Amino acid sequence: SDFVRESIGERGDPTSTLRSLDFGDISLMMEGNELMTCVALTRGGSEGTRDHLKRVLDTVMDRHGMALSEWDGKASSLPDVHSCMDILFL
């Protein structure tokens, strides 16, 4: 829809990307363009959290960049992708 396209932004345009969304006590923090990661926070977040999201994306791209071009959207198709996210839970 136009709302989603306008909110999330055009592919490859980092200046028009939705980076956070607050809904009651829950905040969603998003990072990325071609590949996006998102966390739901109940106690706010910080730029440190955003740095962790960027590191997750960098790690996933380093390990699985070639496979992502044909990715089916299933985490099980990317071996060890869950371990890339461990930094978010420290």
Side-chain angles (χ1 to χ4, degrees):
S1 78
D2 289 336
F3 169 76
V4 172
R5 188 174 295 112
E6 290 171 9
S7 297
I8 294 177
E10 294 295 324
R11 177 178 280 189
D13 182 3
T15 63
S16 67
T17 301
L18 180 67
R19 295 174 45 101
S20 62
L21 180 66
D22 295 322
F23 185 75
D25 292 339
I26 298 174
S27 295
L28 298 177
M29 186 179 285
M30 295 156 273
E31 189 63 43
N33 284 313
E34 298 289 326
L35 177 65
M36 183 173 276
T37 189
C38 177
V39 293
L41 306 164
T42 56
R43 288 182 271 160
S46 67
E47 283 307 306
T49 305
R50 187 164 303 284
D51 290 340
H52 290 324
L53 289 174
K54 289 176 185 177
R55 285 175 53 194
V56 166
L57 287 173
D58 289 344
T59 302
V60 170
M61 289 300 292
D62 287 347
R63 292 183 187 177
H64 303 289
M66 297 295 287
L68 287 171
S69 64
E70 297 179 11
W71 186 42
D72 61 6
K74 297 177 186 174
S76 60
S77 301
L78 301 174
D80 84 343
V81 74
H82 289 101
S83 68
C84 297
M85 295 181 223
D86 286 347
I87 190 170
L88 295 175
F89 303 106
L90 298 177

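Quick caveat, the model's predicted, so the values are computed rather than measured.
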Enquirer: Restricting to side-chain contact (heavy atoms from CB on, under 4.5 Å), what partner residues turn up for Met61, sequence neighbours left out?
Expert: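 Met61 satisfies side-chain contact (heavy atoms from CB on, under 4.5 Å) with Leu35, Leu68 only.
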Enquirer: Just grab all the side-chain hydrogen bond (donor to acceptor under 3.5 Å, both in side chains) pairs involving residues 66-75, residues at least two apart or on different chains.
Expert: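 For residues 66-75: Asp72-Ser77.
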Enquirer: Can you sort out the partners of Arg63 under salt bridge (charged side-chain N to carboxylate O under 4.0 Å, His left out), two or more places apart, ordered by chain and number?
Expert: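 For Arg63, the residues satisfying salt bridge (charged side-chain N to carboxylate O under 4.0 Å, His left out) (neighbours in sequence not counted) are Asp80.
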Enquirer: Show the nearest heavy-atom pair for residues His64 and Pro79, with the distance to one decimal.
Expert: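 Heavy atoms only, the tightest pair is CE1-O, 2.8 Å.
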Enquirer: Over all heavy atoms of both residues, which pair between Ala40 and Ile26 is shortest? Give the atoms and the distance, please.
Expert: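 Minimum heavy-atom separation between Ala40 and Ile26: CB-CG2, 4.3 Å.
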Enquirer: Provide the closest heavy-atom pair for Val56 versus Cys84 in the form atom of the first, atom of the second, distance.
Expert: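 Minimum heavy-atom contact is CG2-O, 3.6 Å.
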Enquirer: Output the distance between atom CG (Asp58) and atom CG (Leu53), rounded to the nearest 0.5 Å.
Expert: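 CG of Leu53 is found 11.0 Å from CG of Asp58.
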Enquirer: Suppose we screen for side chain to side chain donor-acceptor pair (under 3.5 Å). Which residues come up paired with Asp22, at least two apart in sequence or across chains?
Expert: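 If we apply the side chain to side chain donor-acceptor pair (under 3.5 Å) test to Asp22, skipping adjacent residues, the hits are Ser27.
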Enquirer: Partners of Arg50 by side-chain contact (heavy atoms from CB on, under 4.5 Å), sequence neighbours excluded?
Expert: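 Once residues adjacent in sequence are excluded, the partners of Arg50 under the side-chain contact (heavy atoms from CB on, under 4.5 Å) criterion are Arg19, Ser20, Met29, Glu31, Glu47, Lys54.
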Enquirer: Not counting sequence neighbours, which residues clear side-chain contact (heavy atoms from CB on, under 4.5 Å) with Ala67? List them please.
Expert: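 Counting only residues at least two positions away or on another chain, Ala67 forms a side-chain contact (heavy atoms from CB on, under 4.5 Å) with Leu78.
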